[in-house]
Amino acid sequence: MTTSSNDRYSESPTEAFERALATLLREFFANGTEIEGGWEVTSPSELVPDWRVDIEKTSGVVPPDNGGDFIDE
């Protein structure tokens with residue numbers, strides 16, 4: 001019996017989070033959404049910490065203006 005490995009199942013929780021965050025940022029960037037700034041992530045639970053995420057574009061690339069024909073590199 002042959003099984004195929006799936007990379008998503010072998011990645012760590014940190015790697016999965018980073019991949020999901022990168023995908024989210026690329027998709028919002030491609031849609032022309034303003035995503036730079038500080039984001040507060042809070043939880044109603046006392047057991048879960050609150051977080052602050054700062055997003056800053058580090059290159060001068062601008063999204064294409066051709067209606068969504070964005071190439072994911």
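- For the atom pair CZ of Phe28 and CD of Glu34, the computed distance is 12.5 Å after rounding to the nearest 0.5 Å.
- With Thr23 contributing its side chain and Arg19 its backbone, the two residues share a donor-acceptor pair below 3.5 Å.
- To the nearest 0.5 Å, the span separating CG on Leu21 from CD1 on Ile55 amounts to 6.5 Å.
- For the atom pair CD (Glu27) and CD1 (Ile35), the distance works out to 11.0 Å, reported to the nearest 0.5 Å.
- The side-chain hydrogen bond (donor to acceptor under 3.5 Å, both in side chains) check on Glu36 picks up nothing, with sequence neighbours excluded.
- Scanning both residues, Ser43 and Val48, for their nearest heavy atoms gives OG-CB, 3.5 Å.
- When atom types are taken as modelled, the side chain of Glu15 and the backbone of Ser12 share a donor-acceptor pair closer than 3.5 angstrom.
- Taking each heavy atom of Arg52 and Gly38 in turn, the nearest pair found is NH2-CA, 3.5 Å.
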